[in-house]
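Remarks on the structure that follows.
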Amino acid sequence: MHVTGTVPPSAPAPQETPAAPVPTESPAGSSTERPAGDLAGSAGRHARRFGLPVATALVMGNIIGGGIFLLPASVAPYGTVSLIAFAALTVGAIALALVFGRLAERDPRTGGPYVYAREAFGDFAGFLAAWAYWITTWVSNAALAVAAVGYLDVLVPVNGHRWTACLAALALQWLPALANFAGTRYVGAVQIVSTVLKFVPLLLVAVGGLFFFDPRNLGPFHSGGGSALGAVSASAAILLFSYLGVESAAVSAGEVRNARRNVGRATVIGTAGAALVYLLGTLSVFGTVAHDRLVTSTAPFTDAVNAMFGGAWGGWAVAVAALVSMTGCLNGWTLLSAQTPYAAARDGLFPAAFARRRRGVPTVGVGVTVVLASLLTVYNYASGSGKVFQTLVLVTTFTATVPYLLATAAQLFHLVSGRGERVDRARLVRDGVIAAVATAFSLWLVAGAGYAAVYQGVLFLFAGVVVYAVLAARRQRTV
């Protein structure tokens, strides 16, 4: 899994007037009315809602993390046919983004896929979406911090000793957590700064590299054995997980101003922007670094900068960019890791402590998440082997698809059920096609995770079933 994707507000904004109540079905079929907006936000100078620019930065920052700096070398062995896989995946990711936008129009509450799954299919489906997404976020945070240490080592030697590297990884996790504890105002500020700093070097290579583009560096269209279609599928399996994060604005919808409009726009713009950077960056590296060298490169963007301008300063520049990128990812994913449990806790489907908020941030959720990620990080370094850790990361690529599939299924449910109040009939055919493409994309993600990851990911989900049983029994006793 490319642990990629990672969040941002500036001027004070008054609390949005709650929109019309949205009816939601309980498992027993009874209807309750809940406000379309998120009611539990903490007002104050430290808690501010995100506007469209911040929501877009949240999506782009969460999608684009450290993986972009290795992607060109990862797919180079398959040849330029891998660019076709990029294009196909981009279509699927944008379809999923459009589905999230349509769902957020109907129900712009914090929680994203959890809210959509629960509203369509009841408490158990909602819990599975929340549980799977929560696992994805805190395991990914640990992986991202460990990966960031590799880039930090280029600037400050820390990898020479196991526990020095471990402390560095822990610091990289706790600094974004502290920004989250300070309130959404500071989360937004960190995300805006990190997104801007991240994209300067990326755009330098993605756009500047086109001026140094040499077709002779591209190598064969399809290198290696097998069919071209097989090469597309194989490279797609590597690229699939670079698009995780398209749901970011939907998950934090309760913190977005005018969420019914801005969540969809931010999701589509952010996903399209990330895809453009991915595609241009990979194409530029392909055209500036000789193919035989790129296949064995461990720092393709560094090699591209050195080929463009000469010298060896590219390693430092890319290391700084990667470190900023990953810190921004951690900042955003830390917030998202608490938002879905917060929404579930408000409905009694997660422990009540997860529903506590201060300064617009679910502080208990942030704290529990960063502690679990820290424990996993310590275990990774204590074991002396990254194999167990890498296996857990692959599991998150499966767990991330559970809320995706449930969300797209919720959209299909609304379209097919004929519920007029939930469907825009003028857009019925278009929405149906988009939902079908998004469903295929989500299933492709499952296939790309691999048999072992799916097997172990199901065990994680089954552990959640036990948690759900206990919580459901407690709710029953209070009725």
Side-chain angles (χ1 to χ4, degrees), residues 1-5 60 63-94 147 150-151 198-243 271-319 321-322 325 448:
M1 171 183 178
H2 294 292
V3 188
T4 63
M60 293 187 72
I63 293 176
I64 299 178
I68 180 63
F69 296 96
L70 295 175
L71 279 181
S74 299
V75 298
Y78 301 102
T80 52
V81 70
S82 58
L83 297 177
I84 296 177
F86 253 127
L89 291 174
T90 298
V91 171
I94 291 178
Y151 288 100
K198 174 194 324 188
F199 279 105
V200 169
L202 286 178
L203 290 176
L204 172 65
V205 175
V207 178
L210 298 178
F211 294 95
F212 296 86
F213 192 90
D214 186 347
R216 292 173 296 181
N217 290 326
L218 291 177
F221 174 72
H222 172 215
S223 57
S227 66
L229 182 60
V232 170
S233 297
S235 56
I238 296 173
L239 300 169
L240 277 171
F241 315 116
S242 298
Y243 281 96
T271 303
L276 183 63
V277 171
Y278 277 154
L279 188 58
L280 284 181
T282 302
L283 183 62
S284 292
V285 172
F286 275 11
T288 53
V289 181
H291 180 261
D292 56 347
R293 182 179 178 185
L294 182 60
V295 169
T296 59
S297 174
T298 58
F301 272 73
T302 296
D303 292 338
V305 171
N306 291 341
M308 289 163 58
F309 303 109
W313 58 272
W316 281 73
V318 172
S325 176

Phe301 versus Pro72, closest heavy-atom pair with distance | CE1-CG, 3.8 Å
Find out whether Phe212 and Ser284 are in side-chain contact, i.e. whether some heavy atom of one side chain is under 4.5 Å from a heavy atom of the other.
-> no
Pair Asp303-Leu294, side chain to side chain contact (heavy atoms under 4.5 Å, CB included): steps then yes or no = CA-CA 8 Å; Asp303 292 338; Leu294 182 60; 5.8 Å; no
Thr271 (side chain) donor-acceptor with Ala93 (main chain) under 3.5 angstrom = no
Contacts under 3.5 angstrom, residues 79-91 side chains, donor-acceptor by atom type, not counting sequence neighbours:
unit_1, atom_1, unit_2, atom_2, d
Ser82, OG, Gly79, O, 2.9
Thr90, OG1, Phe86, O, 2.8
Thr90, OG1, Tyr243, OH, 2.7

Interatomic distance, CG@Leu218 vs CG@Leu283, rounded to 0.5 Å, equals 7.0 Å
The complete set of side-chain hydrogen bond (donor to acceptor under 3.5 Å, both in side chains) pairs with one or both residues in residues 202-214, sequence neighbours excluded, reads Asp214-Arg216
